[in-house]
Amino acid sequence: MDEEYSKKTLESILDTIPEYIFYRDLKGRNIYCNESYASDFIGKPKDKIYGKTYEELEVLRPYFNIGKVRDKEVIENKKHLKYEQTISNGKEKRKIEIDKYPIFDDDGNVDGILGIIKDEPYKEELSKLREGFFSNIRHEFRTPINMIMTSIQLLEQRCKFCDLGNCKECFVKDIHRININTLRMLKISDNFIDLTNIQSKSMEYKPINYDIVSTVESICDDINRYKKFKNISIIFDTQTEEKIVSFDKAKLERIILNLISNAIKFNNYDGSVIVSILLESDFVVISVKDTGIGIAEDDIDSIFNGFSNVEDRFTKICEGCGVGLALTKHLVEMHQGTITVKSELEKGSEFIVRIPNIVNVNNYVDDISSRVYDSRLERIKMEFSDIYE
Ligand code: ADP
């Protein structure tokens, strides 16, 4: 292998590496760099980089001081050094991870520095997500706990100082507040447990062949019977009176309750919520449509991701830590179904769930375990506990 051939081969191998690689001499002059470093990091062809120092390359000038200090450390200590740095191209900041290695000559003296730079795009995003998530969670639990504690203190005061006979109304209000706030905390922890169970694949899917139309209709009826939030009645509309398909009743109930509670939560007073069912050849389509605040185009892709409450913590109008839709999506997917959303800001949103139009042979069971009605009222109370009117 002649020298030219091996140098070329080596260079083209290094050019395929996405990390940014460079080699500098002791005066800080660039002797070598790979293609990623030249085109993506510096933004110049290699021949405009070779021989140039930090100061001479405009992109590197802001990092001249810190770069020099780090280079000196590598040369003096004769040791590899790793550090992180935030850099900016004027528009956006990004974090990079830099490895610097001393390269020695035949006498064991440092001859130059080999640098490898990696982008860290996700680390920063992850830490932001984590920060936002914990502050949301803290708020989400603290608010109801504060409300419960205040109500208990009020009850204590009334027991000590009031004529109890006249306090019935206040007692009922205090107890209601305790109840609602306990349900709010229960909802958050239930959603977390379910999401974790789904992710660890320990949630069981128990489909039965049953009438999906009457199931969805009875959920709407039960919500209307329970309470009219923001003066909104749920309107149910269907193309077909009965449709037997295979689905998990308890899970479908969670899906529909979550979508309807969001449709109310993010709606205006006197708005409307329409739940409709129509048939496609391969799917039963359930649509939950509202006339609420809508979702910005940029946020639509992230709302099913979990912890994606798209509102700013301090300006948001509703409670919730953005777990409900992530859970709903998983539950729909357990049915081999899909969930999509169409939305326009200030006009409203429509969530569309497609459940496969299939029936499992000999699978019709309506035993006690498949009936979820006994607990439905509790579920409704819990699911709607974070709607403020
Ligand atoms: P949360 O517990 O915050 O309600 P979800 O996962 O149910 O969590 O929803 C995630 C986010 O998606 C909500 O915080 C809200 O910003 C947005 N969203 C969900 N449903 C609607 C809707 N019907 N109208 C407007 N925004 C919605």
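Positions are given from 1 along the sequence. As the structure lists them, so they are numbered: ligands from 1, and atoms in each ligand from 1.
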Which part of Thr328 is near ligand 1, with near meaning a heavy atom under 4.0 Å away: side chain, backbone, both or neither?
neither
Hydrophobic clustering (ILVMFWY, side-chain heavy atoms < 4.5 Å, transitive) - are Met185 and Ile380 grouped together?
yes
Would you say ligand 1 has an N or O under 3.5 Å from any N or O of Leu325?
yes
Can an N or O of Asp386 be found at a distance shorter than 3.5 Å from an N or O of ligand 1?
no
Taking atom NZ of Lys68 as the centre, report whether more than 12 heavy atoms of other residues, nucleotides or ligands fall under 6.0 Å from it.
yes
Taking C-beta and beyond as the side chain, do Leu279 and Asn357 meet within less than 4.5 Å on heavy atoms?
no
With heavy-atom distances below 4.0 Å as the criterion, list the atoms of ligand 1 near Lys265.
1 (P), 2 (O), 4 (O)
Test salt bridge (charged side-chain N to carboxylate O under 4.0 Å, His left out) on Glu19 and Lys118 and set out the steps.
CA-CA 5 Å; Glu19 276 82 29; Lys118 277 184 236 151; 5.7 Å; no
Regarding atom 12 (O) of ligand 1: of the candidates Ile303, Val323, Thr291, which has the closest heavy atom?
Ile303
Sidechain-backbone polar pair: Lys78 side chain, Asn109 backbone, donor-acceptor under 3.5 Å
no
Within 4.0 Å of some non-hydrogen atom of Asn262, the atoms of ligand 1 are 4 (O), 5 (P), 7 (O), 9 (O), 19 (C), 20 (N), 23 (N)
Please round to the nearest 0.5 Å and tell me the distance separating atom CG of Asn262 and atom CG of Leu257.
11.0 Å
Is Gly292 near ligand 1, meaning one of its heavy atoms is under 4.0 Å from it?
no
Polar contacts were defined as any N/O atom of the residue lying under 3.5 Å from an N/O atom of the ligand; does this apply to Ile295 and ligand 1?
no
So is Phe351 touching ligand 1 or not, going by heavy atoms under 4.0 Å?
yes
